[in-house]
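Please read the structure below before turning to the comments.
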Number of protein chains: 2
Amino acid sequence: MVQYSVKQVAKLAGVSVRTLHLYDQVELLKPAERTQAGYRLYGEAELLRLQQILFYKEMDIPLQQIGIILDDPYFDLVQALNKHKKALKARRNQIATMLNTIDKTINHLKYKDMLNYEELYDGFSKEEAAAIRKQAIEKWPKEVDHAEKALIKIGKEGFKALKQEQDDINQALISLMNEAPESPSVQFEITRHYQNIRRFWGTQNDGNPQAAAYAGLGELYVADNSYTRVNGEPNATFALFMSKAMKHFAETALVN
Amino acid sequence: MVQYSVKQVAKLAGVSVRTLHLYDQVELLKPAERTQAGYRLYGEAELLRLQQILFYKEMDIPLQQIGIILDDPYFDLVQALNKHKKALKARRNQIATMLNTIDKTINHLKYKDMLNYEELYDGFSKEEAAAIRKQAIEKWPKEVDHAEKALIKIGKEGFKALKQEQDDINQALISLMNEAPESPSVQFEITRHYQNIRRFWGTQNDGNPQAAAYAGLGELYVADNSYTRVNGEPNATFALFMSKAMKHFAETALVN
DNA sequence: GCTATGCTATGACGTAAGGTAAGGGTCAAG
DNA sequence: CTTGACCCTTACCTTACGTCATAGCATAGC
């Protein structure tokens, strides 16, 4: 009968001694016996059980559950695994969403100060050009070319009109800042705001993806309020107001 | 100047009161002031900051980091986000691996006792048929049909030969159980084992994916040792031995 | 027998982001 | 003046260990 000490087991299985102490304490893996001095001694059977524990641990199954799996012969393992699988999938989707948000934010920050496109957007202020370009990049991170061609196609006059209307809408919204973001008057202007934004975003699809994107843009305004300016100055309160109004709009008007 | 109590802020932002207490404690979000009685009072600015906190929290960024992002104007946010993105991607891939393992295990468990295919595998024992079918399903979960057609195509004689060799290899390995799993003699038999298994797995691709799959099969043997039988009885020690030998083989011989 | 070195034991604290009480003030309405 | 809703702080619980701190045991060399 071969016997192994904690350190030997730890090395064989690639875990720490502390882990073995813990597993002993929570009754997940007890040593086969103890020496007079209290040293833990493990046999082959325990090594096997440890392998099984690690097998399930690889799937991120909590230790408690592993104990049940290994000790309760009537446990419905398939059902438990399916449930766990569902949880993992949810987590995976959540991470995918976070990655999207991060990408958007990075693009946002990266191109925020990119103000050197005079030759392309000749005739507009640097700030205007950068704003347009940024919004394009946020929508089509890898298709900036396409976006810029589209903007050029609009032409200077078309773009100026677009910009004029955006300013117009902004002024209207600023004057409504004391109203509730959900109030009809605000939501009316928000509708115009949305329509105008959509021209930059193209018209590929409508409904839910657009709703989420629009609400997300509102959140972005809050995270970086240099976007929402009042009389040329970044204004945090206006940013918050806009994000609330946009969120409300997305959740009501844009629900398909 | 509008003031909000904890409960009001909590409701507005969709967080718990406890969370506000915590953020106060860790200096992430302090109330604008306190009443005589010690009640927390928040203003619009704090509401905005809370929105920003939640914005970053959505990306799973730790609170400590969020504090730095919001308070240190020289913090390189883009770099930090890129780093975080990398971590998230790693986590995503890890979850993908776990989902694969779970799928394999579920299939393994599900079809383990499916022994009613006499008509298809006529002439072989039920156990043999089930074993074949299970391995097929593990490799092609959604292409069992195809797999079974392939097996039929091999024909009874071919299959019997395959089975014979498998038994042969098993006997050889059992007799080598006292050797080290990494020893040349064991690894030689493992090579045969691998070749034979590969016939069930097809020959689509070789190299690393195969290596991981083979090592994974070894782990599966440990998790359910009814696979590795000695004289018809499940044998845990043999399972452990096999998994070690297969892992070693995968890590040395199968490295491209 | 003594000691240096290495292994082992238990106990306890820390981690992240809160949940969940316990025990006790505060405030406005009736 | 009481009631109910709200607020406060303190503190323990969660996961799966890492990291000491302190102290007992084992073995090899002298």
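Chain identifiers are assigned alphabetically (A, B, ...) following the order of the sequence lines, protein sequences preceding nucleic acid strands; residue numbering begins at 1 within each chain.
- For Val6(B), counting side-chain heavy atoms from C-beta on, the closest listed nucleotide (dG18(C), dA16(D), dC8(D)) is dC8(D).
- If you measure from atom OH of Tyr23(B) to atom C1' of dA17(C), you get 8 Å, rounded to the nearest angstrom.
- Distances shown here put a side-chain N or O of Ser16(B) below 4.0 Å from the OP1 or OP2 atom of dG19(C).
- Crowding of Glu33(A) atom CD: a count of heavy atoms from other residues, nucleotides or ligands under 6.0 Å exceeding 12.
- Between Asp24(B) atom CG and dT9(D) atom P there is a gap of 7 Å when expressed in whole angstrom units.
- Between Ala37(B) and Asp60(B), the residue whose closest nucleotide on DNA chain C is further toward the 5' end is Asp60(B).
- The C1' atoms of five pairs define one axis at each end of the helix from dG1(C)-dC30(D) to dG30(C)-dC1(D), and these two axes lie 40° apart (to 10°).
- Between Asp60(A) and Arg91(B) there is a salt bridge, with a side-chain nitrogen of the basic residue lying less than 4.0 Å from a carboxylate oxygen of the acidic one.
- Counting to the nearest Å, the P atom of dC6(D) and the NZ atom of Lys11(B) are 9 Å from each other.
- Remark: Lys89(B) NZ is loosely packed, at most 12 non-hydrogen atoms of other residues, nucleotides or ligands lying under 6.0 Å away.
- Side-chain contact between Val9(B) and Leu47(B) is present, with at least one heavy-atom pair separated by less than 4.5 Å.
- For the pair Ile66(B) CD1 and dA17(C) P, the interatomic distance rounds to 8 Å; values are reported in whole Å.
- Regarding Gln25(B), its CD atom lies at a distance of 9 Å from the P atom of dT10(D), rounded to whole Å.
- Of the two residues contacting DNA chain D, namely Gln8(B) and Val17(A), the nearest-nucleotide position lying further toward the 5' end is that of Gln8(B).
- Open room surrounds CZ on Phe188(A); 12 or fewer heavy atoms of other groups in view lie less than 6.0 Å from it.
- Nucleotides of DNA chain D nearest to Gln64(A) and Arg40(B) differ in position, and the one nearer the 5' end is that of Arg40(B).
- If you take CZ of Arg18(A) and P of dG14(C), they are 14 Å apart, rounded to a whole angstrom.
- One atom, OH of Tyr39(A), and another, C1' of dC25(D), lie 4 Å apart when rounded to the nearest Å.
- Each of dT9(D), dC17(D), dA26(D) was ranked by its minimum atom distance to the side chain of Arg34(B); first place goes to dT9(D).
- The side chain of Lys57(A) contributes an N or O atom lying less than 4.0 Å from OP1 or OP2 of dC17(D).
- Residue Lys7(B) has its side chain nearest to dC7(D) when only dC7(D), dC17(D), dA17(C) are considered.
- Looking at Arg49(B), its side chain never comes within 3.5 Å of a backbone N or O of Lys30(B) through a donor-acceptor pair.
- Rounded to an integer number of Å, the gap from Leu63(A) CG to dT14(D) P is 13 Å.
- Along DNA chain C, the nucleotide closest to Gln36(B) and the one closest to Ile61(B) are compared, and the more 5′ of them pairs with Ile61(B).
- Proximity of Ser5(B) to the phosphate of dC7(D): a side-chain N or O atom is located under 4.0 Å from OP1 or OP2.
- The side chain of His21(B) places no N or O atom within less than 4.0 Å of a non-bridging phosphate oxygen (OP1 or OP2) of dG18(C).
- The two atoms that bring Leu20(A) and Val6(A) nearest to each other are CD1-O, 3.4 Å, heavy atoms only.
- For the pair Leu220(B) and Phe55(A), the minimum side-chain heavy-atom distance is below 4.5 Å.
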